[in-house]
There are 2 protein chains.
Amino acid sequence: MQDFLNIIESEKISAKHYILKEGHYCNYNHFIVKGCFRSFFINKKGIEKTINFGIEDWWLTDFDSFMNRTQSQLNIQATEDAIVLKISKAKLDLILQNSLEINKYFRIILERVRIADQRRIQYMFNLSGEELYNTFYEYNPEFVQRIPQYMLASYLGFTPEFLSKIRAKKHS
Amino acid sequence: MQDFLNIIESEKISAKHYILKEGHYCNYNHFIVKGCFRSFFINKKGIEKTINFGIEDWWLTDFDSFMNRTQSQLNIQATEDAIVLKISKAKLDLILQNSLEINKYFRIILERVRIADQRRIQYMFNLSGEELYNTFYEYNPEFVQRIPQYMLASYLGFTPEFLSKIRAKKHS
DNA sequence: TATATTTCTTAATCTAGATTAAGTTTTTCA
DNA sequence: TGAAAAACTTAATCTAGATTAAGAAATATA
């Protein structure tokens, strides 16, 4: 555990700044101490597609780039002023060679991530846009206030205009 | 490793039979030695939605039910005659308490699963139905032959009728 | 090898959500 | 505190893919 703490670096990130940009290698896994981030890519039409959010106590990285040492297709941007703990791939690998506890820790986190991803895929298949928004709102009422609506629309898989329509309907 | 092999049970499953049914508790993680499975749920309209396939050398379970000891919303069905290795939650937990190697093994698998889930979500956002089919076909040409088309349509998130339309277009 | 069942196709009609465009409100920061 | 930028709304029009329905192939089973 002491080893683990020794290899962690703390960093402040201002709102709208990036911890990862498309085309770069993702060299760090980040633990969010404070603030909020979104990861997004830019599709063929030039539109930003938000694929994840991260808030306090979550880990955030582009796993594909981080694990496979490939150029990232994602951008990770702070949506508000933030503090993260960074851990580099090389140093994490070293610790993962021998530490039972750290392996357990990340295994358990990844199990939870898997469950969340699976639920999200299930929701995307099963729910209409309106239902997706209502479900998200129900489980994360405070979070809906915390981010611009157009990012949420993008995360839920539809346009900001459509989200506006849903809200108008709801409040009428 | 010997401990690990000791707690594994082998089982034969005939085509169309289930290793998990909706409403039951998922007590096992399954390693597929031979054959093919699909996991699906039944939506509000009574339509089967395939959310995953599993083939040789993959692990397959309902992680949500398996980890959280909740009733499963999923069915897991063999699409052809199959052989699996089963490992119960209780026994797996025991081994995971102390084994560095087994923790590493599952951590690494889950990292790969995370990457696959992430890519799938990205594809679902970015590609039209036609592009989803073409991409899937490109990377898994043999697998497309292996399962009924209506299951693939369901996995890709559209109707069998629409898949038929895509294929007609492609071959004309 | 005939019949039942499962899978696949075609085509007409319908709808959730996209697109475009213009205007309004809110936030930022000089 | 006022101008510029960012975020949000409304409404008209358009389209990918759903729905429905009926028939044709393919596959399984007796």
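To find a chain, count down the sequence lines: A is the first, B the second, and so on, and within it residues start at 1.
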Ring pair (Phe, Tyr, Trp, His ring centres under 6.0 Å) filter on A/Tyr150, not counting sequence neighbours, yields none
Ring pair (Phe, Tyr, Trp, His ring centres under 6.0 Å) filter on B/Phe106, not counting sequence neighbours, yields B/Trp59
When rounded to whole Å, the CD1 to C1' distance for the pair B/Ile166 and C/dT9 reads 14 Å
Closest of D/dG17, C/dA18, C/dT7 to the A/Lys165 side chain is C/dA18
Would you be so kind as to tabulate the donor-acceptor pairs closer than 3.5 Å made by side chains of residues 29-36 of chain A, with sequence neighbours excluded?
residue : atom : partner : partner atom : Å
A/His30 : ND1  : A/Leu60 : O            : 3.0

Hits for salt bridge (Lys or Arg N to Asp or Glu O under 4.0 Å) against B/Lys49, two or more places apart or cross-chain, chain-then-number order -> none
Atom CE of A/Met151 and atom C1' of C/dT27 are separated, to the nearest Å, by 14 Å
To the nearest angstrom, the NZ-P distance between A/Lys16 and D/dA6 comes to 6 Å
Note: A/Arg146-A/Glu142 ion pair, threshold 4.0 Å (strictly below):
no
Rounded to whole Å, the CE-P distance (B/Met124 to D/dG17) equals 12 Å
Distance col, row A/Asn103:CG vs B/Glu101:CD, nearest 0.5 angstrom, shows 8.5 Å
Whole-Å distance, B/Phe125 CZ to C/dG17 P, equals 13 Å
Sequence neighbours excluded, the answer for ring pair (Phe, Tyr, Trp, His ring centres under 6.0 Å) partners of A/Tyr123 is none
When rounded to whole Å, the CG to C1' distance for the pair B/Leu163 and C/dA11 reads 17 Å
B/S/- along nucleotides 19-30 of chain D (protein heavy atoms under 4.0 Å) is BBB---------
Residue set satisfying ring pair (Phe, Tyr, Trp, His ring centres under 6.0 Å) with B/Phe40, at least two apart, ordered chain then number -> none
From the candidates C/dT9, C/dT10, C/dT6, the one with an atom nearest any side-chain atom of B/Ala168 is C/dT10
Here the distance between atom C1' of C/dC8 and atom OH of B/Tyr150, to the nearest Å, is 12 Å
message: I want to check something: taking the side chain as every heavy atom from C-beta on, are B/Ile13 and B/Glu11 in contact at a cut-off of under 4.5 Å?
response: yes
Of C/dG17, C/dT7, D/dG17, the nucleotide closest to the side chain of B/Pro148 is C/dT7
Of the listed D/dC8, C/dT7, C/dT10, the closest approach to the B/Ser164 side chain comes from C/dT10
Residue set satisfying side chain to side chain donor-acceptor pair (under 3.5 Å) with B/Asp81, at least two apart, ordered chain then number -> none
Is any side-chain nitrogen or oxygen of A/Gln149 closer than 4.0 Å to OP1 or OP2 of D/dA6? no
Sorted by number, residues from residues 127-147 of chain B placing a heavy atom under 4.0 Å from DNA chain D are B/Ser128, B/Gly129
Residue set satisfying side chain to side chain donor-acceptor pair (under 3.5 Å) with A/Asp93, at least two apart, ordered chain then number -> A/Lys89
By side chain to side chain donor-acceptor pair (under 3.5 Å), A/Tyr155 pairs with (sequence neighbours left out) none
Rounding to the nearest 10°, end axes of the helix from C/dT1-D/dA30 to C/dA30-D/dT1 built from five pairs each make an angle of 60°
